Peer 1: 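Before I ask anything, here is the structure I am working with.
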Amino acid sequence: MSEKETPKPPKTTFCNDIDLNRWREYDNILTDSLWLFPHRMKRGGHQLDYHGNFIPQIATQLFERYTKQDEIVLDLFLGAGTSALEAVNLSRRLVGVELKPELVAYVRDKIPPHLLESRIRILQGDSARPATLAAVQTELAAWEQQFAQFLVLHPPYADIIKFSDRPDDLSNLNSVEAFLDSFQAIARQGFKLLAPGRFAALIIGDKYAHGELIPLGFWCMERMNRVGFKTKAIIVKDIQGNERGKGRASNLWRYRALAGGYYIFKHEYIIVMYKPAARKR
Ligand SMILES: C[S@@+](CC[C@H](N)C(=O)[O-])C[C@H]1O[C@@H](n2cnc3c(N)ncnc32)[C@H](O)[C@@H]1O
């Protein structure tokens, strides 16, 4: 092979496997701040089996952009396990925490058993509790790691969907302030568990209450800033591909919007944050 034909070694950054020598070939990786997904991906074991799960494409985009193969994703609101399935599909490892025991069992059933031991660890617990932090650290230590390399936070959108009656469920708190305080406590745990210099994503939408828009997305972002995260990007994602058709209900919402002077939510946010790298002494 002549010198001219020698393939260049891949040129990658610290946080993903994207070969920048071939940057034109990555049409699948989004770099715009508006994400339009007309349909939920149904391949790779994914299904709309949980009211409130995000579409798998969110995990695909974030994991490809912010992790390398075999790195560890931490999801502190695992839900029905969309990020766990996508970690399997993309050969990442994952530690997930979910409050509802029946959901933990359900997600474990979806993961190939041999991977549950070796690459996907699913814990039941309240992500705000110090005991949960310690349990995640134990899982990381079993992989000889101190930190996860990416953090996913997809909390309840306050009380829009009530996930359980448990007092430690963020969808079950009696005020937005209480929700934000609990969210901040969980974000702080995530901050401690994330490797310095690495990224986190907050996935959340806003809500209306008593005729007023409650900007949960920006307020949660601000709570993450308070515990030390810096904001990298605010992505607006079309939610129309998320859900089953609402039929007659959508007419009702349109009537209410026209009558009440407001706009029907068609978007949510994916807010990308990072934990600053440790300063060299
Ligand atoms: C929006 S859903 C996450 C959905 C998930 N991303 C998926 O795709 O399936 C939020 C989840 O957070 C859980 N949750 C609420 N409070 C929690 C807490 N304190 N600790 C851990 N999980 C909690 C709820 O049970 C619910 O399953």
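Atoms within a ligand are numbered from 1 in the order they appear, just like the ligands themselves. Model, not experiment: these values are computed from the prediction.
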Peer 1: Ligand 1 versus S182, non-hydrogen atoms closer than 4.0 Å: side chain, backbone, both, neither?
Peer 2: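 Looking at S182 and ligand 1, no heavy atom falls under 4.0 Å.
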Peer 1: Enumerate the atoms of ligand 1 whose separation from the nearest heavy atom of G52 is less than 4.0 angstrom.
Peer 2: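 Every atom of ligand 1 under 4.0 Å from some heavy atom of G52: 1 (C), 2 (S), 4 (C).
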Peer 1: Does an N or O anywhere in L170 fall below 3.5 Å from an N or O of ligand 1?
Peer 2: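 Min N/O separation from ligand 1 is below 3.5 Å for L170.
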Peer 1: Within the 4.0 Å heavy-atom shell around D169, which atoms of ligand 1 are there?
Peer 2: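 The list of qualifying atoms is 15 (C), 16 (N).
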Peer 1: Would you kindly specify which portion of D168 sits under 4.0 Å from ligand 1, judged on non-hydrogen atoms: side chain, backbone, both or neither?
Peer 2: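 For D168, only backbone atoms sit under 4.0 Å from ligand 1.
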Peer 1: Need the ligand 1 atom indices (1-based, order shown) with element for anything under 4.0 Å from a heavy-atom of G81.
Peer 2: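 Once the distances to G81 are compared, the set is 9 (O).
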Peer 1: Just to be sure I read this right, does ligand 1 sit under 4.0 Å from the backbone of F54, its side chain, both, or neither, counting only heavy atoms?
Peer 2: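 It is both parts that get close, each with some atom under 4.0 Å.
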Peer 1: Have a look at K162, R166, H154 and point out the one with the heavy atom closest to atom 10 (C) of ligand 1.
Peer 2: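 Among K162, R166, H154, the closest heavy atom to atom 10 (C) of ligand 1 belongs to H154.
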Peer 1: Do D169 and S164 have side-chain N/O donor and acceptor atoms under 3.5 Å apart?
Peer 2: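 A donor-acceptor contact under 3.5 Å links the two side chains.
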Peer 1: If we count only N and O atoms by modelled type, under 3.5 Å, do the side chains of Y157 and E268 hold a donor and an acceptor together?
Peer 2: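 Y157 vs E268: donor-acceptor pair found between side chains.
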Peer 1: If you have a sec, work out which protein heavy atom is nearest atom 27 (O) of ligand 1 and how many Å separate them, to one decimal?
Peer 2: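 Ranked first by proximity to atom 27 (O) of ligand 1 is Y50 OH, 2.7 Å.
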Peer 1: Any heavy atom of L76 closer to ligand 1 than 4.0 angstrom?
Peer 2: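 Contact check L76 vs ligand 1: positive.
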Peer 1: Hey, are D181 and Q184 close enough side-chain-wise for a donor-acceptor pair under 3.5 Å?
Peer 2: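 Checked: Q184/D181 side chains show no N/O donor-acceptor pair below 3.5 Å.
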Peer 1: Is it true that R198 and E71 make a salt bridge, defined as a side-chain N closer than 4.0 Å to a carboxylate O?
Peer 2: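 Salt bridge: yes.
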Peer 1: Between the side chains of D159 and K207, is the shortest nitrogen-to-carboxylate-oxygen separation below 4.0 Å, so that they form an ion pair?
Peer 2: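 Salt bridge present between K207 and D159.
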Peer 1: Considering F77, F183, F179, Y157, which one's heavy-atom position lies nearest to atom 12 (O) of ligand 1?
Peer 2: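 Selected option, by shortest heavy-atom distance: F77.
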Peer 1: Against heavy atoms of L99, which atoms of ligand 1 measure under 4.0 Å?
Peer 2: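 Going through ligand 1 atom by atom, the ones under 4.0 Å from L99 are 16 (N), 17 (C), 21 (C), 22 (N), 23 (C).
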Peer 1: Measure from NZ or CZ of K275 to the centre of the six-membered ring of F191, then state whether that distance is under 6.0 Å and the direction lies within 45° of the axis.
Peer 2: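 Checked: cation-pi criterion met.
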Peer 1: For atom 8 (O) of ligand 1, what's the nearest protein heavy atom and its distance?
Peer 2: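 Checked against all protein heavy atoms, atom 8 (O) of ligand 1 sits closest to T82 OG1, 2.6 Å.
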Peer 1: So is A128 touching ligand 1 or not, going by heavy atoms under 4.0 Å?
Peer 2: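 It does not; every heavy atom stays at 4.0 Å or beyond.
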Peer 1: For A59 and ligand 1, answer yes if some heavy atom of the residue is under 4.0 Å from a ligand atom, otherwise no.
Peer 2: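 False for this residue.
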Peer 1: Below 6.0 angstrom between ring centroids: does that apply to F229 and Y274?
Peer 2: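 No, the ring centres sit 6.0 Å or more apart.
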Peer 1: Taking D168 first and then R129, would you say they form a salt bridge - that is, a charged N and a carboxylate O separated by under 4.0 Å?
Peer 2: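 Salt bridge flag = no for R129 with D168.
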Peer 1: When you look at I234 and M221, which way does the side-chain contact (heavy atoms from CB on, under 4.5 Å) test go after all the steps?
Peer 2: CA-CA 10 Å; I234 299 179; M221 175 181 80; 3.8 Å; yes
Peer 1: Is it true that K162 and D165 make a salt bridge, defined as a side-chain N closer than 4.0 Å to a carboxylate O?
Peer 2: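 Counted as a salt bridge, because a side-chain N and a carboxylate O are separated by less than 4.0 Å.
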Peer 1: Please list, in number order, the atoms of ligand 1 under 4.0 Å from a heavy atom of K100.
Peer 2: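 In order of numbering, the contacting atoms are 25 (O).
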Peer 1: Any heavy-atom pair between the side chains of L74 and V136 that's under 4.5 Å?
Peer 2: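 In short, these two side chains touch, coming nearer than 4.5 Å.
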Peer 1: For ligand 1, which atoms, with element, lie under 4.0 Å from some heavy atom of L78?
Peer 2: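 Ligand 1 atoms under the 4.0 Å threshold to L78: 5 (C), 7 (C), 9 (O).
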Peer 1: Distance under 4.0 Å to a non-hydrogen atom of A80: what atoms of ligand 1 satisfy this?
Peer 2: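 Those qualifying, in numeric order: 7 (C), 9 (O).
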Peer 1: Are any of the side-chain heavy atoms of D70 and R92 separated by less than 4.5 Å?
Peer 2: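 A side-chain contact is absent here, since even the closest heavy-atom pair is not under 4.5 Å.
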Peer 1: Given R129, Q189, E98, identify the one with the heavy atom nearest to atom 13 (C) of ligand 1.
Peer 2: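 Result: the heavy atom closest to atom 13 (C) of ligand 1 is in E98.
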Peer 1: May I ask you to check whether D75 has an N/O atom sitting below 3.5 Å from an N/O atom of ligand 1?
Peer 2: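 No, D75 has no N/O under 3.5 Å of an N/O on ligand 1.
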Peer 1: Quick one: look up the protein heavy atom nearest atom 20 (N) of ligand 1 and list residue, atom name and how far away it is.
Peer 2: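 Its nearest protein heavy-atom neighbour is S127 N, 3.0 Å.
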Peer 1: Using a strict 4.0 Å cut-off to heavy atoms of D126, name the atoms of ligand 1 that fall inside it.
Peer 2: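 The list of qualifying atoms is 18 (C), 19 (N), 20 (N).
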Peer 1: Considering only NZ, NE, NH1 and NH2 on the basic side and carboxylate oxygens on the acidic side, decide whether R166 and E102 come within less than 4.0 Å.
Peer 2: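 Salt bridge: no.
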